[in-house]
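Chain A is the first sequence line, chain B the second, and so forth, proteins listed ahead of strands; every chain is numbered from 1.
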Protein chains: 2
Amino acid sequence: MPKGFGGPPGWWARRFRGLEHRLTIPRQSVIDVLSKTSKHLSAEDIYLEVHKVYPMIGLSSVYRILEWLVQLGVVMKFDFGDKKARYELIKESREEHHHHHLVCRKCKRVIDYTEFINDEVEFIKKAEQGLSKKYNFKIEDHIIQFRGLCSECKETE
Amino acid sequence: MPKGFGGPPGWWARRFRGLEHRLTIPRQSVIDVLSKTSKHLSAEDIYLEVHKVYPMIGLSSVYRILEWLVQLGVVMKFDFGDKKARYELIKESREEHHHHHLVCRKCKRVIDYTEFINDEVEFIKKAEQGLSKKYNFKIEDHIIQFRGLCSECKETE
DNA sequence: GTTTTTAATGAGAATAATTATCATTACCAA
DNA sequence: TTGGTAATGATAATTATTCTCATTAAAAAC
Ligand SMILES: [Mn+2]
Ligand SMILES: [Mn+2]
Ligand SMILES: [Zn+2]
Ligand SMILES: [Zn+2]
């Protein structure tokens, strides 16, 4: 795997080997872009980034690849209220990078936060146990968002 | 206000009186539909329901009215991963009806749950305090979703 | 009540994110 | 190599949502 393609060399190759999933250059490139940022990129953002290093990429491929990664549980897809989906790689060291979002309803700015994760994990664990039992529902992940006004938008109210 | 238009007679009229907001028949009708269901209706669902009782309603009015209600903090707008927005009236007795959602990633079914609300309120209160201070962010509401597979979809896996 | 002013509506066109289609290309396994 | 399959990229199609604008309804002024 060429240097600069997302994570420790071979990591993604190993991640996908054996599955009937090929780690092609377009796929590598998308993963690479996602792995290099903590921003919340839209499909088009990602397309433009990949395009810089791999200009023959097609926008439809980006959408296809993102959907593939979401299905595989490698990427999370978010809706922050502007009308495009935003994507974020789920980091390996989940515990380290587990976080949620503050979303400004006005400017749509998004702030990652990791505070209170311990309290959260405790609360979530209990809730997940109870809910999955009661509703016979297999819980795979969760979303927590606080919504309101960011410091900037609070001024201009 | 005609009987059957959403809640105790005069309630919504009082709710909006004095604001420069008119409680017209299209607006009443939309509120009425939302107040009579616990489903998570899309704009078009609402349009079709209102249309039954007020056939001259326009779809664009429904969108406009829903946005207005969201701005007023009377209605919440959700994204459950199918690609249309869904709307839910925020009930007066918030404590009573405060709930969150289990969302099936496969069939997009949505289950309301109210369990663990006490634990949640405690956790949320603490988090809100800390986060709003640290990030100088005015928190207005929050979203919690558990996502995964409903009992049906778990079978066909 | 009638007129004046303003806000809200409804039809339809326009927008824009996402999906579907399909011919071409890259990849893998004999 | 060669055959079979999976992935890609260009493009068209879809579809939820927003915009525009002439018409209508509501409140305010008279
Ligand atoms: Mn994030
Ligand atoms: Mn609900
Ligand atoms: Zn803001
Ligand atoms: Zn399901």
Worksheet item: How long is the line joining CG of B:L66 and P of C:dA8, in whole Å?
Response: 15 Å

Practice prompt. Anything under 30° is parallel, anything over 60° is perpendicular, the rest tilted; go ahead and classify B:F78 against B:H40.
Written response: perpendicular

Worksheet item: Between A:H51 (NE2) and D:dT8 (P), how many Å, whole number?
Response: 16 Å

Fill in: Donor-acceptor side-chain pairing of B:E120 and B:H142 below 3.5 angstrom
yes

Discussion item. How long is the straight-line distance from SG of B:C153 back to CZ of B:R109, given to the nearest 0.5 Å?
Written reply: 6.0 Å

Item to complete: May I ask you to decide whether B:K108 forms a salt bridge with B:D82, counting only side-chain N to carboxylate O separations under 4.0 Å?
Response: no

Pick out the pairs of N or O atoms, protein on one side and nucleotides 9-19 of chain C on the other, that lie under 3.5 Å.
{"residue": "C:dT9", "atom": "OP1", "partner": "B:T24", "partner atom": "OG1", "Å": "2.6"}
{"residue": "C:dG10", "atom": "OP1", "partner": "B:M56", "partner atom": "O", "Å": "3.0"}
{"residue": "C:dG10", "atom": "OP2", "partner": "B:G58", "partner atom": "N", "Å": "3.3"}
{"residue": "C:dG10", "atom": "OP2", "partner": "B:S61", "partner atom": "OG", "Å": "2.7"}
{"residue": "C:dG10", "atom": "O5'", "partner": "B:M56", "partner atom": "O", "Å": "3.4"}
{"residue": "C:dG10", "atom": "N7", "partner": "B:R64", "partner atom": "NH2", "Å": "2.8"}
{"residue": "C:dG10", "atom": "O6", "partner": "B:R64", "partner atom": "NH2", "Å": "3.1"}
{"residue": "C:dA11", "atom": "N7", "partner": "B:S60", "partner atom": "OG", "Å": "3.3"}
{"residue": "C:dA11", "atom": "N6", "partner": "B:S60", "partner atom": "OG", "Å": "3.2"}
{"residue": "C:dT18", "atom": "OP1", "partner": "A:A85", "partner atom": "N", "Å": "2.8"}
{"residue": "C:dT18", "atom": "OP2", "partner": "A:Y63", "partner atom": "OH", "Å": "2.8"}

Item to complete: Give a yes or no answer on whether the side chain of B:D45 reaches the backbone of B:S42 with a donor-acceptor pair at less than 3.5 Å.
Response: yes

Worksheet item: Looking at five pairs on each end of the helix from C:dG1-D:dC30 to C:dA30-D:dT1, what is the angle between the two axes, given to 10 degrees?
Response: 30°

Worksheet item: With a 4.0 Å cut-off, would you call A:K125 and A:E122 a salt bridge?
Response: no

Item to complete: Flag the pair B:E128 and B:K126 as a salt bridge only when some basic side-chain nitrogen lies within less than 4.0 angstrom of an acidic carboxylate oxygen.
Response: no

Practice prompt. Answer yes when B:E44 and B:K84 have at least one side-chain N-carboxylate O distance shorter than 4.0 Å, and no when they do not.
Written response: no

Fill in: Rounded distance in Å - CZ (B:R22) to C1' (C:dA8)
7 Å

